[in-house]
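Worksheet: the structure to be examined is printed underneath.
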Amino acid sequence: MKIASWNVNSIGARKPRILEWFDTAQPDVCVLQEIKCVDEKFPAKDFEERGYNVHVHGQKTYNGVALLSKHPVDDVIRGVPGYEDENSRYIEGVIVPDDAAPVRVGGLYLPNGNPAPGPKYDYKLDWMQAFEAHLSDRLALEEAAIFLGDYNVIPEPEGVYDPKGWADAALFRPETRAAFRRFLNIGYTEALNQLIGEPFYTFWDYQRGAWDKDHGIRIATLLLSPQALDRLDSGGVDRDARDPKKGDDSVKPSDHVPVWVTIC
DNA sequence: ATGGTGGAGCATCCA
């Protein structure tokens, strides 16, 4: 079973490239971030035609997440339980295949937090605290569970092309990385660290020729519960999705790329 | 020091 995540930076602006990637990559489950549309505007039909069940937690202009699955989905929730959030940043459900064991999938778009310090950064840290509490609750269920998405956290210096230049950024500040490490300390494992033996990026800014210079950062992350880790098979980063010259060049690529794992 | 790009939606905000 292939489970993927992609910050698409507007589903409306990106649809041809997104559908092209779905037809090639064929994920069983995919969470999307920054769809930037309300539920009614989400192009559900395009995905239903491809065999997906569609669950959306949309928002006008900013944010917005979706959960797409070729298998039935139970217990869908929108928003981190117990946390009041004016933004649509989280969706979760239990994937129930007929031919494999269930897996809980949570898709998240964690706040960017810039500029730091300030109210936006406080919001990021609050969000991370609430999410940690949720991760902890889910861990106690002892289920196979995967929490994946745009974490807006660069966990290690190897995840940024210029660590010194990024020292004060909300994505890389010590408090941010410490909050992320707590996700690991309570018992989750980063899937792609296990599977990719070298540093990699998942985002390249549109500005300053970042793609051509390979000035990227690593902010897409997949966290696995111990029960999901036992079933981990393979994983990867679809870097080609960021290349303006590859794929449907009638539309611009997202500044983020898809990440994925397969589990048995 | 600034601006460089891109999306939403129509003046700016966000990334």
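Sequence lines set the chain letters: A, B, ... in the order given, protein chains first and strands last, and positions in each chain run from 1.
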Strand contacts (DNA chain B) in residues 200-208 of chain A, 4.0 angstrom heavy-atom criterion =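 Hits under 4.0 Å, by residue number: Tyr206(A), Gln207(A), Arg208(A).
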Expected list for residues 160-181 of chain A near DNA chain B, using heavy atoms below 4.0 Å, is none
Between [N] and [M], how far apart are the two [atom1] atoms, rounded to whole Å?
| N | M | atom1 | answer |
| --- | --- | --- | --- |
| dT2(B) | dG7(B) | P | 26 Å |
| dG3(B) | dC13(B) | P | 16 Å |
| dG4(B) | dG9(B) | C1' | 22 Å |
| dT12(B) | dA1(B) | C1' | 22 Å |

What pairs with Phe42(A) under ring pair (Phe, Tyr, Trp, His ring centres under 6.0 Å), at least two apart in sequence or on another chain?
->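 Phe42(A) satisfies ring pair (Phe, Tyr, Trp, His ring centres under 6.0 Å) with Phe47(A) once adjacent residues are dropped.
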Walk along DNA chain B from 5' to 3' and tell me the first and last nucleotide with an atom closer than 4.0 Å to a non-hydrogen atom of chain A.
->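 Endpoints of the contacted stretch of DNA chain B: dG4(B) to dA15(B).
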Separation between CG of Asp99(A) and CE of Met1(A), rounded to the nearest 0.5 Å | 8.0 Å
Check whether the ring centres of Tyr201(A) and Tyr161(A) lie less than 6.0 Å apart, and answer yes or no.
-> no
What about the rings of Phe22(A) and Tyr52(A), do their centers lie closer together than 6.0 Å?
->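 Under 6.0 Å, so yes.
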Under the 4.5 Å side-chain heavy-atom rule for ILVMFWY, direct or indirect, which residues accompany Val94(A)?
->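 The other cluster members (ILVMFWY side chains, heavy atoms under 4.5 Å, direct or chained) are Val96(A).
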Taking the side chain from [X] and the backbone from [Y], do they hold a donor-acceptor pair closer than 3.5 Å?
| X | Y | value |
| --- | --- | --- |
| Arg231(A) | Ala101(A) | yes |
| Arg14(A) | Asn9(A) | yes |
| Arg218(A) | Thr202(A) | no |

Hey, which of these two, Gly12(A) or His256(A), hits DNA chain B nearer its 5' end, going by closest nucleotide?
->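 Going by which nucleotide is closer to the 5' end, it is Gly12(A).
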By nearest-nucleotide position on DNA chain B, the 5'-leaning member of Asn63(A) and Ser10(A) is Ser10(A)
Can you list, pair by pair, the side-chain donor-acceptor contacts under 3.5 Å of residues 113-124 of chain A, counting residues two or more places apart and other chains?
from: Asn114(A); atom 1: OD1; to: Ala170(A); atom 2: N; distance (Å): 3.0
from: Asn114(A); atom 1: ND2; to: Asn112(A); atom 2: OD1; distance (Å): 3.1
from: Tyr121(A); atom 1: OH; to: Thr176(A); atom 2: N; distance (Å): 3.3
from: Tyr121(A); atom 1: OH; to: Thr176(A); atom 2: OG1; distance (Å): 2.6
from: Tyr123(A); atom 1: OH; to: Asp85(A); atom 2: OD1; distance (Å): 2.7
from: Tyr123(A); atom 1: OH; to: Asp85(A); atom 2: OD2; distance (Å): 3.4
from: Tyr123(A); atom 1: OH; to: Asn87(A); atom 2: ND2; distance (Å): 3.1
from: Tyr123(A); atom 1: OH; to: Arg89(A); atom 2: NE; distance (Å): 2.9
from: Lys124(A); atom 1: NZ; to: Pro111(A); atom 2: O; distance (Å): 3.3
from: Lys124(A); atom 1: NZ; to: Asn112(A); atom 2: O; distance (Å): 2.8
from: Lys124(A); atom 1: NZ; to: Asn152(A); atom 2: O; distance (Å): 2.5

Could you check whether Lys41(A) gets within reach of a base, just the sugar-phosphate, or nothing at all, counting any heavy atom under 4.0 Å?
->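 Contact class for Lys41(A): none.
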What residue among Val29(A), Asp28(A), Ile95(A) forms side-chain contact (heavy atoms from CB on, under 4.5 Å) with Val103(A)?
->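 Answer after filtering Val29(A), Asp28(A), Ile95(A): Ile95(A).
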Ignoring hydrogens and angles, state whether a donor on the side chain of His134(A) or Glu92(A) is under 3.5 Å from an acceptor on the partner side chain.
-> yes
